[in-house]
Amino acid sequence: MWPQYKFGKLLMQVDGAQKARPFFAKVLIRKWNEPYIWGAFADTFAEDDSTAYAKCLFRGLRISRDVGFSLALHEKAMLYLASTQRFSEAKREALTVSDYRISQGWPESNIVEQQRGKEWFNVEPADNNEELYLEMSAGAEQYVFPYAEKTNFYVEWKDDEKVLMGIASTGSRESESQLALRLRRVNYVYVPEWAKGLRRTAIKDRETMRELEVGACYTGVLSQDGKTILGGIESCVSEEFANRFTIEFEGTFDLVGYRDKQGNDKAIAFVRDTQRGSIFVPPNLFQNSELDTFDIVKGTARAIFKDDRWSMETTSIEFLGKPDPQDVEKRDLRGI
């Protein structure tokens, strides 16, 4: 990461902050929790947007867990807070830098030393600035998203108890190879054309789960591993992507009876002859209905991943009419 950081700083010197800003934004997507990258991104706003500068700078301090790697950020925070007359908080930043350097046997920071001679430095320091970091960094992420590549994703499932949500997205170079490795371990599983190139990941984020619906498609900024939705979430406008996961169909209803291990009569159902082949119908959609085998139906379906394979599951179904009796005699739905 250091070579990229140094390259970005060089880019700022040669081409200016406007050119370096998109570069650091893309680095942040890969290294979301690196304080010094947030600090570098903040520097790109220093001359033209003081609000963005402060939010990104304090975002870096908010996630910092090592003062030694964030000394420059604390120094910048001191200068910013002093310039906005938050002197107690500014002195806390100065002492944080000084105390660390003393503990390491290092000389005083030149930047802090210059501030010691100023009148404001005589104030009592704040106890700590943790709440300040949280307050000042609110909304920093929004400055990254305009420069970040957005990804379409589908919400496959939710588990409220475990606070987990499963999504499927595209754009992963690893997805095909991961799938191939899995298929070598099990019997060959047919992957439909619409499901190729998908990456499935699980997200642990209660607030995001509340905003999104199972079976819907969205666009947002994902982390490189696809396990975090960083933000910028909008409804997906790509019909091509959405049509991979949600469809309207018309086909032939097929009610399949069987007996379970206890000898009880059971039934499962499918819709045959659709653009996606056979589509499973959950029991709650046909139980207590008058639908029968060979009935012509229409409805909606969504993609599910079950038993190591993608398939479609009906989400709504509606009776359209009875088939022509002559057609029924010629057909064998089980052979479709």
Validation row: Lys322, Asp295 side chains within 4.5 angstrom (heavy atoms): yes
Linked, directly or transitively: Val97 and Leu132 (ILVMFWY side chains, under 4.5 Å): no
Partners meeting side-chain contact (heavy atoms from CB on, under 4.5 Å) with Gln114 (sequence neighbours left out): none
Set of residues satisfying side chain to side chain donor-acceptor pair (under 3.5 Å) with respect to Glu313, sequence neighbours excluded: none
Test item: Phe249 and Ile279 side chains (from C-beta on) under 4.5 Å apart, heavy atoms: yes
From Thr201 atom OG1 to Ile167 atom CD1, the distance as rounded to the nearest 0.5 Å: 4.0 Å
Pairs involving residues 70-86, ordered by first then second residue, that meet salt bridge (Lys or Arg N to Asp or Glu O under 4.0 Å) (sequence neighbours left out): Asp43-Lys76, Arg86-Glu89, Arg86-Glu135
For the student: nearest non-hydrogen atoms of Gly231 and Phe145, plus distance: CA-CZ, 3.4 Å
Side chain to side chain donor-acceptor pair (under 3.5 Å) partners for Ser64, two or more places apart: Ser70
Donor-acceptor pairs under 3.5 angstrom involving side-chain atoms of residues 202-216: please list them, not counting sequence neighbours.
unit_1, atom_1, unit_2, atom_2, d
Lys204, NZ, Lys162, O, 2.9
Asp205, OD1, Glu207, N, 3.2
Asp205, OD1, Thr208, N, 3.1
Asp205, OD1, Thr208, OG1, 3.3
Asp205, OD2, Thr208, OG1, 3.0
Glu207, OE2, Arg210, NH1, 2.9

Salt bridge (Lys or Arg N to Asp or Glu O under 4.0 Å) contacts in which one or both residues fall within residues 94-104, not counting sequence neighbours: none
Side chain to side chain, Asp159 and Val163, heavy atoms closer than 4.5 Å: no
Any Trp32 side-chain heavy atom under 4.5 Å of Val144 side chain: yes
For the student: nearest non-hydrogen atoms of Ala42 and Tyr53, plus distance: O-CD1, 3.1 Å
Arg62 side chain vs Ala138 backbone, donor-acceptor pair below 3.5 Å: no
Close side-chain approach of Phe24 and Leu28, heavy atoms under 4.5 Å: no
Spacing of Arg59 atom CZ and Leu134 atom CG [to the nearest 0.5 Å]: 10.0 Å
Aromatic Phe305 / basic Arg200 pairing, under 6.0 angstrom, 45° off normal: yes
All ring-ring contact (aromatic ring centres under 6.0 Å, His included) counterparts of Trp106, not counting sequence neighbours: Tyr100
Carboxylate-amine/guanidinium contact Arg21 Asp48, below 4.0 Å: yes
Nearest atoms (heavy-atom pairs only) where Leu255 meets Phe286: CD1-CE1, 3.6 Å
Polar contact flag, side-chain donor to acceptor under 3.5 angstrom, Thr246-Arg302: no
Backbone N/O of Gln224 and side chain of Arg30: donor-acceptor pair under 3.5 Å: no
Between Gln115 and Trp120, a side-chain donor and acceptor under 3.5 Å: yes
Thr96, Ile111, Asn129 screened by side chain to side chain contact (heavy atoms under 4.5 Å, CB included) with His74, the one that passes: Thr96
Main-chain N/O of Phe280 paired to Thr314 side chain as donor or acceptor, under 3.5 Å: yes
Which atom of Phe153 lies closest to which atom of Ser169, heavy atoms considered: CB-CB, 4.0 Å
For Glu248, side-chain contact (heavy atoms from CB on, under 4.5 Å) partners two or more places apart: Thr300
Nearest-0.5 Å distance that lies between atom CZ in Phe87 and atom CG in Leu81: 10.0 Å
same_hphob_cluster(Leu230, Phe41) at 4.5 Å side-chain heavy-atom cutoff: yes
Determine all donor-acceptor pairs shorter than 3.5 Å in which one atom belongs to a side chain in residues 232-243; sequence neighbours excluded.
unit_1, atom_1, unit_2, atom_2, d
Glu234, OE2, Lys150, NZ, 3.4
Ser238, OG, Phe241, N, 3.1
Asn243, ND2, Glu239, O, 3.1

Heavy-atom side-chain proximity of Val191 to Trp310 below 4.5 angstrom: no
Cluster check Leu11, Tyr36: I/L/V/M/F/W/Y, side chain < 4.5 angstrom: yes
Within residues 113-128 or reaching into it, pairs that qualify as salt bridge (Lys or Arg N to Asp or Glu O under 4.0 Å) - sequence neighbours excluded: Glu108-Arg116
Side chain proximity check, Asp254 to Thr293, heavy atoms < 4.5 angstrom: yes
Shortest non-hydrogen separation from Lys55 to Ala140 and the atoms involved: O-CB, 3.4 Å
Atom pair OH (Tyr154) and OH (Tyr218), whose distance is rounded to the nearest 0.5 Å: 11.0 Å
Listed partners of Phe121 passing ring-ring contact (aromatic ring centres under 6.0 Å, His included), at least two apart: none
Minimum heavy-atom distance between Val112 and Ser98, given as atom pair plus value: CG1-OG, 3.6 Å
same_hphob_cluster(Leu285, Met312) at 4.5 Å side-chain heavy-atom cutoff: yes
With sequence neighbours excluded, residues passing ring-ring contact (aromatic ring centres under 6.0 Å, His included) with Tyr143: Phe45
Polar side-chain atom of Lys298 near backbone of Leu320 as donor-acceptor pair, under 3.5 Å: no
